[in-house]
Amino acid sequence: MSDIQVGTEIPALELAPISRYTLALYAGASGDHNPIHIDSDFAKNAGMPDVFAHGMLSMAYLGRMLTNWQPQAQLRKFGNRFAAITQLQDAITCSGKVVEMIEQNGETLARCEIQAVKADGEQTLVGEALVAV
Amino acid sequence: MCMSEGRLDLARNDGQPLGRAYVQGSPDRRGGSYYVQGVMMLDKSKIGFEFASFTADVEKGRLRFFAKAIGETNPIYTDEAAAREAGYRALVAPPTFTMVLDMEGPEFLPFLDLLNMDIARILHGTQEFEYFAPICAGDSITVTGHIADMFEKKGGALEFVVMEQSYTNQDGELVAKSTNTLVHRNG
């Protein structure tokens with residue numbers, strides 16, 4: 001029997017502050033070469049204070065949190081909205097908890113609310129995951 | 001399709017409506033966009049547009065590089081023996097990796113040209129994945145995608161493009177689906 005139930009917290013994942021190096025690596029590895037994330041001149045010309053993090057980098061962090069908690073093969077659905085831009089030096093923490101247990105296609109799923117927040121508490125990603133338990 | 005006579009809500013840079021303007025005849029069209037008194041409106045006739053499908057190989061070196069970039073340390077993402085021990089046939093792709101496959105197409109962000117969007121003005125609004133089977137190193141994944149919807153908010157200051165993608169492996173098995181919304185800042 002699984003001990004996952006409504007209220008169960010997903011162990012949080014704390015990330016190091018976002019650096020230009022992090023963004024360069026992510027741009028290369030992901031293939032998302034949008035210069036707004038890696039070229040300060042381009043970002044400033046676009047009206048941004050500087051380069052900023054790919055939304056998908058933070059979503060990958062949320063994914064790490066989920067797969068650290070339960071095997072990836074049990075992940076059925078994973079989504080979020082990008083609520084705020086993650087700037088350089090922001091230290092992101094991912095967290096989540098089970099809010100509902102549902103039955104779907106013959107299996108029990110934990111519906112989890114998940115989020116990524118900055119050190120000052122501002123939410124950057126807010127979403128949901130369905131995990132088979 | 002071109003816009004004939006119609007009324008549009010224009011917007012100031014702060015998103016407040018400026019009032020209504022009449023558009024007569026064919027507005028100035030460049031690429032897939034309408035310009036109405038300097039405000040670019042994305043061409044909604046592209047709803048339903050199917051992008052050219054393509055097939056991308058899932059390479060284990062790429063998976064290791066991606067794991068490094070996201071700080072992933074679980075060995076099933078980098079060590080083949082650990083992946084097999086965990087029940088996978090090879091290194092497994094992390095949950096957001098399908099986005100990497102999207103970038104393997106013949107054109108970088110093909111919706112940019114189609115809709116005449118400015119890469120400096122797009123933001124990722126939402127992203128959702130649905131998973132049916134693992135994607136592993138050695139797989140060949142065919143990516144198909146289309147524009148599911150387009151809409152605007154704040155009187156056109158923000159435009160939204162909803163895209164849906166499907167990922168099918170070399171055995172014809174649907175492994176994942178993605179829905180994402182891009183935001184284009186007109187202000």
Side-chain angles (χ1 to χ4, degrees), chain A residues 13-16 21-37 39 42-48 52-68 71-85 105 125-132, chain B residues 13 56 59 61-74 76-77 83 86-88 92-105 108-109 112 118-136 160 176-183 185 187:
Chain A
L13 180 67
E14 290 182 29
L15 285 310
Y21 173 76
T22 315
L23 300 185
L25 263 191
Y26 186 77
S30 70
D32 183 347
H33 301 161
N34 184 340
I36 208 148
H37 301 298
D39 181 336
F42 185 91
K44 286 171 185 166
N45 282 335
M48 296 297 180
F52 57 92
H54 304 73
M56 289 305 292
L57 173 60
S58 290
M59 191 170 185
Y61 292 153
L62 279 181
R64 277 179 57 195
M65 173 189 75
L66 291 168
T67 59
N68 283 346
Q72 186 178 328
Q74 289 171 223
L75 187 58
R76 298 287 176 267
K77 221 169 178 179
F78 170 27
N80 59 239
R81 68 187 168 86
F82 300 94
I85 288 177
N105 303 326
L125 276 65
V126 184
E128 228 178 72
L130 288 179
V131 180
Chain B
N13 285 345
E59 298 163 348
R62 188 62 176 281
L63 289 177
R64 291 192 179 109
F65 185 18
F66 188 76
K68 177 182 178 180
I70 66 171
E72 180 58 75
T73 54
N74 183 333
I76 67 167
Y77 299 105
Y88 296 102
V92 60
T96 61
F97 192 80
T98 56
M99 190 74 176
V100 177
L101 300 174
D102 294 346
M103 305 293 169
E104 296 285 295
F108 178 61
L109 306 181
L112 288 178
D118 179 357
I119 195 172
R121 291 179 171 274
I122 56 170
L123 293 170
H124 205 163
T126 66
Q127 176 69 54
E128 187 174 290
F129 297 111
E130 215 175 333
Y131 305 104
F132 308 106
I135 296 174
C136 290
F160 296 77
K177 280 187 188 178
S178 157
T179 304
N180 64 84
T181 308
L182 288 170
V183 185
R185 301 178 293 126

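Below, chains carry the letters A, B, ... as their sequence lines are ordered, and counting in each starts from 1.
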Quiz item: Do the side chains of A/P35 and B/I119 get nearer than 4.5 Å, heavy atoms only?
Solution: yes
Practice problem: Quick one: which residue pairs count as a side-chain hydrogen bond (donor to acceptor under 3.5 Å, both in side chains) with a foot in residues 94-104 of chain B, not counting sequence neighbours? | Solution: B/R62-B/E104, B/D102-B/Y167
Self-check item: Flag side-chain contact, heavy atom, 4.5 Å: A/F82 against B/N180
Solution: no
Quiz item: Can you list the residues that meet the side chain to side chain contact (heavy atoms under 4.5 Å, CB included) rule with B/F160, with sequence neighbours excluded?
Solution: B/F151, B/K153, B/L158, B/T181, B/V183
Quiz item: Given the options B/E130, B/H124, B/R185, B/M99, which has more heavy-atom pairs under 4.5 Å with chain A than any of the others?
Solution: B/H124
Quiz item: Would you say A/T67 and B/E72 make side-chain contact, with heavy atoms under 4.5 Å?
Solution: yes
Practice problem: Can you tell which part of B/F132 gets under 4.5 Å to a heavy atom of chain A, answering side chain, backbone, both or neither? | Solution: neither
Self-check item: Closest contact, heavy atoms only, B/A120 versus A/I36
Solution: O-CD1, 3.6 Å
Quiz item: Can you say whether A/I85 sits under 4.5 Å from chain B via the side chain, the backbone, both, or neither, judging by heavy atoms?
Solution: side chain
Quiz item: Which one of A/L57, A/N45, A/L125, A/L75 has the most heavy-atom pairs closer than 4.5 Å to chain B?
Solution: A/L75
Quiz item: Of the listed residues (B/E128, B/Q127, B/K177, B/R64), which shares the most heavy-atom pairs with chain A below a 4.5 Å separation?
Solution: B/Q127
Practice problem: For residues B/I70 and A/A60, report the shortest heavy-atom separation together with the two atoms involved. | Solution: CG2-CB, 3.5 Å
Practice problem: Would you mind checking which part of A/Y26 comes under 4.5 Å of any heavy atom in chain B, side chain (CB onward), backbone (N, CA, C, O), both or neither? | Solution: both
Quiz item: Checking heavy atoms, do the side chain of A/N68, its backbone, both or neither come under 4.5 Å from chain B?
Solution: side chain
Quiz item: Is a donor on one side and an acceptor on the other found under 3.5 Å between the side chain of A/Q72 and the backbone of B/A93?
Solution: yes
Exercise. Please name the residue in the list A/R76, A/M59, A/K77 that meets the side-chain contact (heavy atoms from CB on, under 4.5 Å) test with B/F129.
Key: A/M59
Practice problem: Taking all non-hydrogen atoms of both residues into account, name the closest pair between B/F108 and A/N34 and its distance. | Solution: CZ-N, 3.7 Å
Self-check item: Engaged part of B/Y88 at the chain A interface, taking heavy atoms whose separation is under 4.5 Å
Solution: side chain
Quiz item: Is it the backbone or the side chain of B/L63 that comes under 4.5 Å from a heavy atom of chain A, or both, or neither?
Solution: neither
Quiz item: Would you say B/Y131's side chain and A/F78's backbone share a donor-acceptor pair under 3.5 angstrom?
Solution: no
Quiz item: From A/R64 CZ over to B/T73 OG1, what is the distance, rounded to the nearest 0.5 angstrom?
Solution: 6.0 Å
Quiz prompt | chain A contact via B/F66 - side chain, backbone, both or neither, heavy atoms under 4.5 Å | solution = both
